[in-house]
*Asks:* 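Have a look at the structure that comes next, please.
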There are 2 protein chains.
Amino acid sequence: MNLRDLRYLLAAAEHGHFGRAAEACGISQPTLSVQIRKLEEELGIALFERSGRSMAPTEACLRLLGHVRAAVAEADAILAVARDMRDPLAGRFRLGIIPTLAPYLLPLVFAPLREALPALEIEPWEDQTAGLLARLRARELDAALLATEPDGADLLGRPLFDEPFLAALPPEHRLASRRIVAEEELAEDLLVLADGHCLRDQALAVCGHGGGAGGALRAASLSTLLNMVAAGYGTTLIPGLAAGAAQDAGLVLRPLATRAGRRVRIVWRARFPRQAAVEAIGEVIAGRLRGFAEGAAAGTI
Amino acid sequence: MNLRDLRYLLAAAEHGHFGRAAEACGISQPTLSVQIRKLEEELGIALFERSGRSMAPTEACLRLLGHVRAAVAEADAILAVARDMRDPLAGRFRLGIIPTLAPYLLPLVFAPLREALPALEIEPWEDQTAGLLARLRARELDAALLATEPDGADLLGRPLFDEPFLAALPPEHRLASRRIVAEEELAEDLLVLADGHCLRDQALAVCGHGGGAGGALRAASLSTLLNMVAAGYGTTLIPGLAAGAAQDAGLVLRPLATRAGRRVRIVWRARFPRQAAVEAIGEVIAGRLRGFAEGAAAGTI
DNA sequence: ATTAGGGATAGACATCGTCTATCGCCACAT
DNA sequence: ATGTGGCGATAGACGATGTCTATCCCTAAT
């Protein structure tokens, strides 16, 4: 049985006339007659009662028509829904974001994304890098915003912006009077995040593996970390986008001597079909953050 | 788009594996892959994300699946309903019956019909011969029980039984003492039905066009006619199956001298597809009425 | 009786679905 | 590093089938 045949059947039943039904279907009368005949043979029932001059649907045909209409309607729905979804810049898009980025980046880019890609329903998903990569590979995410390079050939990444690290100090800290802070000095009482945060590894890498006092104090979130620094437990290193939050917490921010930072990327599966959506999202975020690195570094003085 | 392709799509989405999906569909893996690919091109969207080692339905595919399942389910419903209706001895059957037959025949044949053809839902439709023929030709009836021969080559008829006419007399009537009544005598004060009843024409034909007293009294129904005879307004001629009702009304019944009667037929369109149902109904009625003519004639003495 | 309309039939042609065989890719194991 | 196996894609051949035009047959109406 074929959807085409069902359309022929509908036309024949509605027109009550094979010739006109065929015309409505854009085929010749013999074609429609033959297909209807085949359908009757396949179903094992007579669908039309033919007499020399006229034709009428049988009782059985009338009983089938409801299902036939429903099947054809569902087929049309498939075509319509597919047409709506043909635009890769539409529909749900699950975007992973690391926790040290999400709270500070999302407020900046949400409105521009909605404006530039109104049909795209972006669902943010916050998790650490390893979790995001796993979900990305499991196709539970469509893309992810990471601060590390993709770790395999099955994933692709596009840099969006560079985010400088800043030294975050309690106002009374001895380094707070410097205009620029050297990483080695910051390392003396550096507090870091808990395991799994890429920022933890990056902070330790930038400052050398000091982490004296803070060794035991592994904050679960950047927000916690900031409060701990504000309370005088030590210093830390924050990503530039968190500058506002750090200042709100009463911290003093200083550029680093080496201008170290991290490169934020959007990462996706190489085979992902909606690369256009990835491109568009990346473009909006990169555009919003363009020139951010310099501004952030300058604005902290 | 094709129902077959939709079944392939369903299998692929549910198995998450082209090879196993193809096996489930009873086709080879390349065939399924090619059809899925074509479907993707027709819909203009990617349905599956392929990677060297695995495959997964896209977001768009998942959104379509509901409609796909619905369409396939409707198609299956069409097949199932058709299978149920493949039996011509099942389903609704609209059977026309003339008014001088219906009230007396139906009680006799209803139970045998239900027993012999349990799946056939017989819908009786009572009307005069002309109305039944019109509805039959308009395909609003599937067959009709008539007491006349079909009036055209587009209709076929099969005789079911012969129904003798009986003279129906008030007990005090002068003819009531006879064992057999001659039609000419009956004609003297014969009451007949209203125009349109075939029995009216037949009674007049049998008795000659007398109809003296009854000329103005054209009863709309046989039941009315019986009551009028019982009230002494005249005599009448009734079909054998109405004997019981006539006796209940207190009438005396006598066979006619010429053993005149009418032949009851089942009539249907020559092109009607469910001839088997007509045959079966006719057989049940004929079987139930077999030997009725003799019995009725004998039983009235 | 003739004519026109409507459906059925026949035969040719092209499309398309399906198969087998093979390739290419990727992951995993030795 | 290298082989191996699983899985999907591709190629080419073959057969089924949907479609067309031309024609026939039947019926009803003039």
Side-chain angles (χ1 to χ4, degrees), chain A residues 1-9 11-13 15-42 46-58 61 133-134 137-139 150-156 269-273, chain B residues 1-9 11-13 15-42 46-58 61 137-139 150-156 269-273:
Chain A
M1 193 171 52
N2 197 313
L3 275 170
R4 177 176 19 84
D5 298 339
L6 296 186
R7 291 184 198 275
Y8 294 169
L9 170 58
H15 284 87
H17 188 289
F18 286 114
R20 281 192 287 277
E23 189 181 6
C25 293
I27 58 173
S28 70
Q29 169 263 319
T31 299
L32 184 132
S33 289
V34 166
Q35 292 310 113
I36 295 277
R37 171 79 59 194
K38 284 191 179 181
L39 191 56
E40 285 179 316
E41 280 165 16
E42 180 181 355
L47 294 171
F48 295 94
E49 182 182 332
R50 294 129 170 112
S51 66
R53 201 130 185 91
S54 69
M55 161 274 261
T58 61
C61 176
L133 288 173
R137 290 199 160 91
R139 301 191 181 85
D151 63 347
D154 57 333
L155 298 181
L156 298 179
R269 294 184 300 281
R271 311 262 186 166
F272 182 57
Chain B
M1 193 172 49
N2 197 313
L3 275 170
R4 175 174 21 82
D5 298 340
L6 296 186
R7 291 183 198 276
Y8 294 168
L9 170 58
H15 284 87
H17 189 288
F18 286 114
R20 280 192 287 275
E23 189 181 5
C25 294
I27 58 173
S28 70
Q29 169 263 318
T31 299
L32 184 133
S33 289
V34 167
Q35 293 310 112
I36 295 278
R37 170 79 59 195
K38 284 190 179 179
L39 190 56
E40 286 179 315
E41 280 164 16
E42 180 182 355
L47 294 171
F48 295 94
E49 182 182 333
R50 294 126 169 115
S51 67
R53 198 128 186 92
S54 68
M55 160 274 260
T58 61
C61 176
R137 291 199 159 92
R139 301 191 180 86
D151 62 346
D154 58 333
L155 298 181
L156 297 180
R269 293 185 299 282
R271 312 261 186 167
F272 183 57

*Asks:* Within the pair B:Arg4 and C:dT18, is there a side-chain N or O less than 4.0 Å away from OP1 or OP2?
*Replies:*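 For C:dT18, OP1/OP2 do have a side-chain N/O of B:Arg4 under 4.0 Å.
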*Asks:* Tell me the interatomic distance from A:Asn2, atom CG, to D:dA16, atom P, rounded to whole angstroms.
*Replies:* 18 Å
*Asks:* Keeping the roles fixed (side chain from A:Glu40, backbone from A:Leu47), state whether a donor-acceptor pair exists under 3.5 Å.
*Replies:*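 Pair found, side chain donor or acceptor close to backbone of A:Leu47.
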*Asks:* Do A:Arg269 and A:Asp154 come within less than 4.5 Å of each other through their side chains, counting heavy atoms only?
*Replies:* no
*Asks:* Quick one: are B:Phe272 and B:Leu155 in side-chain contact, heavy atoms under 4.5 Å?
*Replies:*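 Counting from C-beta outward, B:Phe272 and B:Leu155 never come under 4.5 Å.
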*Asks:* How many Å lie between CZ on A:Phe18 and C1' on C:dG5, as a whole number?
*Replies:* 15 Å
*Asks:* Starting at the 5' end of DNA chain D and moving along, which residue's nearest nucleotide shows up first, B:Gly19 or B:Asp154?
*Replies:*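 Nearest-nucleotide comparison on DNA chain D picks B:Gly19.
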*Asks:* With the side chain of B:Lys38 defined as its heavy atoms from C-beta on, choose the nearest nucleotide among C:dG7, C:dC16, D:dC7.
*Replies:*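 Selected nucleotide: C:dC16.
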*Asks:* Could you tell me how far apart A:Leu3 (CG) and C:dC16 (P) are, to the nearest whole angstrom?
*Replies:* 17 Å
*Asks:* Quick one: side-chain hydrogen bond (donor to acceptor under 3.5 Å, both in side chains) partners of A:Arg139, sequence neighbours excluded?
*Replies:*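 Once residues adjacent in sequence are excluded, the partners of A:Arg139 under the side-chain hydrogen bond (donor to acceptor under 3.5 Å, both in side chains) criterion are B:Ser51, B:Ser54.
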*Asks:* How about CD on B:Glu23, more than 12 heavy atoms from neighbouring residues, nucleotides or ligands closer than 6.0 Å, or not?
*Replies:*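 No, because the 6.0 Å sphere around CD of B:Glu23 holds 12 heavy atoms or fewer from other groups.
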*Asks:* Report the distance from atom CG of B:Asn2 to atom NZ of B:Lys38, rounding to the nearest 0.5 Å.
*Replies:*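 The NZ atom of B:Lys38 is 10.5 Å from CG of B:Asn2, to the nearest 0.5 Å.
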*Asks:* Taking DNA chain D as the partner, which of residues 21-34 of chain B come within under 4.0 angstrom of it by heavy atom?
*Replies:*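 Residues of residues 21-34 of chain B under 4.0 Å from DNA chain D: B:Gln29, B:Pro30, B:Ser33.
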*Asks:* Could you give the CZ-to-P distance, from A:Arg137 to C:dA27, as a whole number of Å?
*Replies:*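 After rounding, the reported distance stands at 9 Å.
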*Asks:* Does a side-chain N or O from A:His17 land closer than 4.0 Å to OP1 or OP2 of C:dG7, or not?
*Replies:*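 So the side chain of A:His17 is within the cut-off, an N or O lying under 4.0 Å from OP1 or OP2 of C:dG7.
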*Asks:* What is the distance, rounded to the nearest whole Å, between atom CD of A:Gln35 and atom C1' of D:dC20?
*Replies:* 12 Å
*Asks:* In whole angstrom, what separates A:Arg37's CZ from D:dT19's P?
*Replies:*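 My rounded result for the distance is 17 Å.
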*Asks:* Answer yes or no: are there more than 12 heavy-atom neighbours, outside B:Glu49 itself, under 6.0 Å from its atom CD?
*Replies:*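 Enclosed.
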*Asks:* How long is the line joining CZ of B:Phe48 and P of D:dC7, in whole Å?
*Replies:* 16 Å
*Asks:* Please give, in whole Å, the distance from C:dC16 P to B:Asp5 CG?
*Replies:*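 Whole-Å distance recorded here is 12 Å.
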*Asks:* For B:Tyr8, report the nucleic acid contact type (base, sugar-phosphate, nothing); a contact means any heavy atom under 4.0 Å.
*Replies:*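 Sugar-phosphate contact only.
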*Asks:* Give the nucleotide from the list D:dG18, C:dG7, D:dA9 with an atom nearest to the side chain of B:Arg50.
*Replies:* D:dA9
